[in-house]
Student: 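Before I ask anything, here is the structure I am working with.
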Protein chains: 2
Amino acid sequence: MRYSDTHKEETRKKVLKAAAKAVRAKGPDGVGVAEIMAEVGLTHGGFYAHFPNKEALVAAAIDEAFGQSGRRFERLTGGMDGREALSTFVDLYVTREHRDHPERGCPIATLSSELPRQGQPVREAYERGVQALIGRLTRWLPDERKGLAASLLAEMAGAVSLSRAISDGAAADQLLADARRSLKLRMGIVQ
Amino acid sequence: MRYSDTHKEETRKKVLKAAAKAVRAKGPDGVGVAEIMAEVGLTHGGFYAHFPNKEALVAAAIDEAFGQSGRRFERLTGGMDGREALSTFVDLYVTREHRDHPERGCPIATLSSELPRQGQPVREAYERGVQALIGRLTRWLPDERKGLAASLLAEMAGAVSLSRAISDGAAADQLLADARRSLKLRMGIVQ
DNA sequence: CCTCTAATATGATGTGCATCATATAAATGC
DNA sequence: GCATTTATATGATGCACATCATATTAGAGG
């Protein structure tokens, strides 16, 4: 092989990361192949040497996005007990910071409504990510109540998502604060 | 005028209703002008006699969708006290029926994630609808706690939205049931 | 029954996009 | 430094769509 052994793999990774960001920022249908390739300094034609089609890229990008936030949370909560980990998670997820940066946030808060309309490979990637996150939360909860974990995640994503629709910043912040409190109550962290 | 006085207005209404359904089913960007006109038995060209452009239609369709569900809930909860109205609302909103029929459901559960990326007129219509719904819930709550109302709405929409991503029907139903219970707890309806 | 005008249809234009066939260029091993 | 092969670029194709200019038709008023 003439390019370095790792060159193609590196390019693929870069494309994937750009896509993971772009998909969250503009949605699966709002983003174009050419745009993502340009982001990496390439042109659109080379794309098909890395992915069979756009749908495969989007699916991989969603896996990547979930993977990124998953690793981040593992890192930040490593060594904590369940109670502390849950509290940390809420304080990182249900925030203005998350609301204001969908492109590096949780795919659920950013893509929930449009994902059911995507093709099967994309939906599958999304569900994998959702289930992994539910699993993580479940392990942190007393008695490992999976149903509760899912419902808590719904509340967190719903709060971030709805706060993005509220133009009055103070009201949006208040919504997030109310949600954090409700979540910690449900988790048994506060009374 | 040669057509009956009300003809144009009736056509506009029909287009609007078709759009309100289509926008929820396929998203603002997933739906085409020609498709909506065909739904009403017309061709695409006539569209611009009714709306200046697609964006205006989408904004009007979102108003219409919020209006439809608003009127429906007013009708169903008319005469109830706050407690009973809230309980009824939860039992209608956080359901499998709602999950399975986005095209006639709440625009928040169907459009939340992609709406922040729409143009201003569409975002404004959406926020009007959100605020109206928050207002309705607020009036039903003891002490009229607006922040709580918003947070409750986030949890409801989040639960329906997330349940749409879960392919295992039983698990999705369980998520909805858990959410209903959590919501009624927060509303002070059950212990 | 005919006229006239508002409502709708036809068809064209331009744009953006995914995909692919083919051309070019990069850089390693010789 | 050259040949070879692999990565990337160029450019073409076809489709879906919004928009608009122009043509046609429906049908109430005379």
Side-chain angles (χ1 to χ4, degrees), chain A residues 1-23 25-62 114 117-123 125, chain B residues 1-23 25-62 114 117-123 125:
Chain A
M1 56 201 65
R2 299 308 141 109
Y3 281 72
S4 77
D5 278 19
T6 57
H7 186 174
K8 189 172 181 182
E9 182 55 24
E10 280 165 21
T11 301
R12 200 194 119 103
K13 267 258 160 67
K14 277 189 243 170
V15 172
L16 199 52
K17 285 192 171 178
K21 192 178 264 194
V23 162
K26 306 186 168 187
D29 300 334
V31 83
V33 168
E35 187 183 345
I36 288 173
M37 293 302 277
E39 196 75 32
V40 181
L42 301 176
T43 58
H44 59 283
F47 173 76
Y48 294 88
H50 296 284
F51 297 92
N53 52 47
K54 183 186 167 180
E55 187 171 51
L57 171 69
V58 172
I62 287 177
E114 53 203 309
R117 298 191 299 263
Q118 293 292 312
Q120 206 188 333
V122 177
R123 289 203 315 276
Chain B
M1 55 199 69
R2 298 308 138 109
Y3 282 72
S4 78
D5 278 18
T6 57
H7 186 173
K8 189 171 181 182
E9 182 55 26
E10 280 164 20
T11 301
R12 198 194 121 102
K13 267 259 161 66
K14 277 189 246 172
V15 172
L16 199 52
K17 284 190 173 178
K21 190 178 267 191
V23 163
K26 306 188 169 187
D29 300 333
V31 82
V33 168
E35 187 184 346
I36 288 172
M37 293 302 277
E39 196 74 32
V40 180
L42 300 177
T43 56
H44 60 281
F47 172 77
Y48 295 88
H50 295 285
F51 296 92
N53 52 48
K54 183 186 168 181
E55 186 170 52
L57 170 69
V58 171
I62 287 176
E114 53 203 309
R117 298 191 298 263
Q118 294 292 311
Q120 205 189 334
V122 176
R123 291 202 315 275

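Lettering of chains follows the sequences in order, A, B, ..., and the numbering in each one begins at 1.
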Student: What is the minimum heavy-atom distance between A:A18 and A:E39, and which atoms define it?
Tutor: CB-CG, 4.0 Å

Student: How would you list all residue pairs meeting salt bridge (Lys or Arg N to Asp or Glu O under 4.0 Å) that involve residues 41-53 of chain B, not counting sequence neighbours?
Tutor: none

Student: Could you state the atom-to-atom distance from NE2 of A:H50 to P of D:dT6 in whole Å?
Tutor: 14 Å

Student: Please give me the minimum heavy-atom distance between B:P121 and B:A59, naming the atom from each residue.
Tutor: O-CB, 3.7 Å

Student: For residues 41-56 of chain B, dump all side-chain donor-acceptor pairs below 3.5 Å to protein atoms at least two apart in sequence or in another chain.
Tutor:
| residue | atom | partner | partner atom | Å |
| --- | --- | --- | --- | --- |
| B:N53 | OD1 | B:E55 | N | 3.2 |
| B:N53 | OD1 | B:A56 | N | 2.9 |
| B:K54 | NZ | B:P28 | O | 3.2 |
| B:K54 | NZ | B:V31 | O | 2.8 |

Student: Report the residues that fulfil side-chain hydrogen bond (donor to acceptor under 3.5 Å, both in side chains) with B:E35, sequence neighbours left out, ordered by chain and then residue number.
Tutor: B:K26

Student: Please state how far atom CZ in A:R12 lies from atom P in D:dA7, giving the value in whole angstrom units.
Tutor: 13 Å

Student: Can you sort out the partners of A:A19 under side-chain contact (heavy atoms from CB on, under 4.5 Å), two or more places apart, ordered by chain and number?
Tutor: A:I36, A:L57, A:A61

Student: I'd like to check the side-chain contact (heavy atoms from CB on, under 4.5 Å) partners of A:K17; sequence neighbours left out, ordered by chain and number.
Tutor: A:E64, A:Q68

Student: Any protein N or O atoms within reach of nucleotides 19-23 of chain D? Criterion: under 3.5 Å, listing atom names and distances.
Tutor:
| residue | atom | partner | partner atom | Å |
| --- | --- | --- | --- | --- |
| D:dT19 | OP2 | B:Y48 | OH | 2.8 |
| D:dT19 | OP2 | B:K54 | N | 3.0 |
| D:dT19 | O5' | B:Y48 | OH | 3.3 |

Student: With the threshold set at under 4.0 Å for non-hydrogen atoms, list the residues of residues 36-43 of chain B touching DNA chain D in residue-number order.
Tutor: none

Student: Just to confirm, is there a sub-4.0 Å distance from OP1 or OP2 of D:dA7 to any side-chain nitrogen or oxygen of A:T11?
Tutor: no

Student: Can you tell me the distance, in whole Å, between the CD atom of B:E10 and the C1' atom of C:dA7?
Tutor: 13 Å

Student: Within this structure, what is the NZ-to-C1' distance between B:K8 and D:dA28, rounded to whole angstrom?
Tutor: 17 Å

Student: With sequence neighbours left out, what residues match A:R123 under side-chain hydrogen bond (donor to acceptor under 3.5 Å, both in side chains)?
Tutor: none

